[in-house]
Amino acid sequence: MGRKLGVAQHWSPAQSITMGASLSVVPLLDYFARREFAAAGLSPGAVTLPYPDGGGGGGEATCTVHYWASTGEPRLPPLLLVHGFGPRATWQWRCQVGPLSRHFHLIVPDLIGFGGSSCGDDSAASPPSEATQAAALAALLDALPGMKGRRVAVAGTSYGGFVAYWLARTAGAERVGPVVIASSDLLKTAADDRGFLKRAGEGWSAVEEVLLPAEPAAMRKLLEMASYRPPPAVLMPDFILRDFIQKLFTENREQLIQLFKGITVGTDKFPVTPISQEVLIVWGEQDQLFPVEKAYAVQSSLDGKARVEIISKTGHAPQLEDPTRFNKILLDFLLATHKPDPSSNGTSQ
């Protein structure tokens with residue numbers, strides 16, 4: 001499966017200015033996030049893959065996975081970055097790609113149903129499970145130049161941590177090396193959802209009303225709960241929040257609600273058990289979506305061997321609220337644990 005550069009998907013400054021004139025800041029922010037990726041030596045691409053078995057696909061269903069990756073075949077240890085719910089991968093990892101690209105060959109995909117990744121025929125496949133997402137990422141890795149069979153480290157934030165854990169456990173240590181779980185409650189239960197709604201306050205009947213907002217009040221609540229220092233109210237007027245909702249959450253919203261409700265990691269279908277890879281757990285101390293005590297619960301479920309790092313004065317996205325500290329923690333862990341494949345002799349296979 002060939003790699004196709006997604007040049008047509010770039011936003012030019014002129015396009016951003018035009019959209020800004022119509023009071024949409026999303027394309028402008030998207031442009032700057034993409035520029036961070038390009039400056040780090042990453043290029044966009046997309047591959048079309050068979051819809052993975054076990055994910056509800058049928059017949060000849062396919063999915064297109066959009067990604068950014070370091071150019072060429074890997075000459076540095078490969079590192080897969082997996083995003084969570086919300087904006088596309090470029091927004092969630094924009095503060096990491098520069099520092100990480102100096103040490104690792106980066107692959108940063110949009111998960112199916114997010115950003116530029118989608119099913120070829122939405123009617124042919126049910127909302128993707130973590131198994132589906134992990135299988136699609138494994139197929140993507142095999143489709144990229146020089147990556148087939150290469151051992152890769154993986155870091156996942158929020159929902160991406162569920163996918164990262166599934167991939168690491170099912171692919172095994174020969175394929176997946178060190179694992180970073182950031183702000184990911186792999187043990188989420190109905191009781192946790194009730195706790196979430198209590199922290200959110202009155203007026204909310206379901207967690208997905210906040211995590212996948214459909215109205216400005218919900219978007220404002222999400223920012224309040226996810227951030228240690230949420231934007232001041234004056235910077236969050238309703239028309240700005242509606243713009244974010246329309247551009248980032250409206251498309252595929254019903255499918256994503258079903259995806260959220262169908263999470264299986266941590267349930268009887270796929271209980272969290274220890275894995276042989278070295279694991280780093282990173283959490284924001286003031287995370288109101290997944291409280292910090294869940295970091296230690298996840299550590300305990302992994303036999304207590306995982307390293308835990310708590311970043312003070314950050315919420316659910318410490319990689320964005322304190323990228324300097326987050327990046328140092330990641331680099332210290334990965335540089336110590338993720339070495340080049342002996343079989344690659346420091347170059348691509």
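Legend: residues meeting side-chain contact (heavy atoms from CB on, under 4.5 Å) with Gln246, ordered by chain and number and at least two apart, are Thr250. Qualifying side-chain contact (heavy atoms from CB on, under 4.5 Å) partners for Ala191, counting only residues two or more places apart in sequence or in other chains: Thr189, Arg194.
Residue Arg229 holds its CZ atom at 15.5 Å from CG of Leu223, rounded to the nearest 0.5 Å. Atom CG in Leu106 sits 6.0 Å away from atom OG in Ser101 (nearest 0.5 Å). The line from CG of Leu289 to NE2 of His316 is 5.0 Å long, rounded to the nearest 0.5 Å. Between atom CG of residue Leu111 and atom CG of residue Leu256 there is a gap of 10.5 Å, rounded to the nearest 0.5 Å.
With salt bridges taken as basic N to acidic carboxylate O contacts below 4.0 Å, one links Asp238 and Arg220.
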Item to check | Verdict with reasoning, Asp142 to Arg175, per salt bridge (charged side-chain N to carboxylate O under 4.0 Å, His left out) | outcome: CA-CA 11 Å; Asp142 283 344; Arg175 185 70 165 106; 2.7 Å; yes
Next on the checklist: Walk me through whether Arg307 and Glu309 qualify under salt bridge (charged side-chain N to carboxylate O under 4.0 Å, His left out).
Outcome noted: CA-CA 7 Å; Arg307 171 180 163 189; Glu309 291 282 353; 3.0 Å; yes
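Side-chain contact annotation: Thr157 with His83, donor-acceptor N/O pair under 3.5 Å absent. Ser205 and Glu209 form a side-chain donor-acceptor contact under 3.5 Å, judged by distance and modelled atom types alone.
Counted within 6.0 Å of CD on Glu174, heavy atoms from surrounding residues, nucleotides or ligands total 12 or fewer; the atom is thus considered open.
A ring-ring contact (aromatic ring centres under 6.0 Å, His included) check over residues 148-170, counting only residues at least two apart or in different chains, returns the pairs Phe85-Tyr159, Trp166-Phe270.
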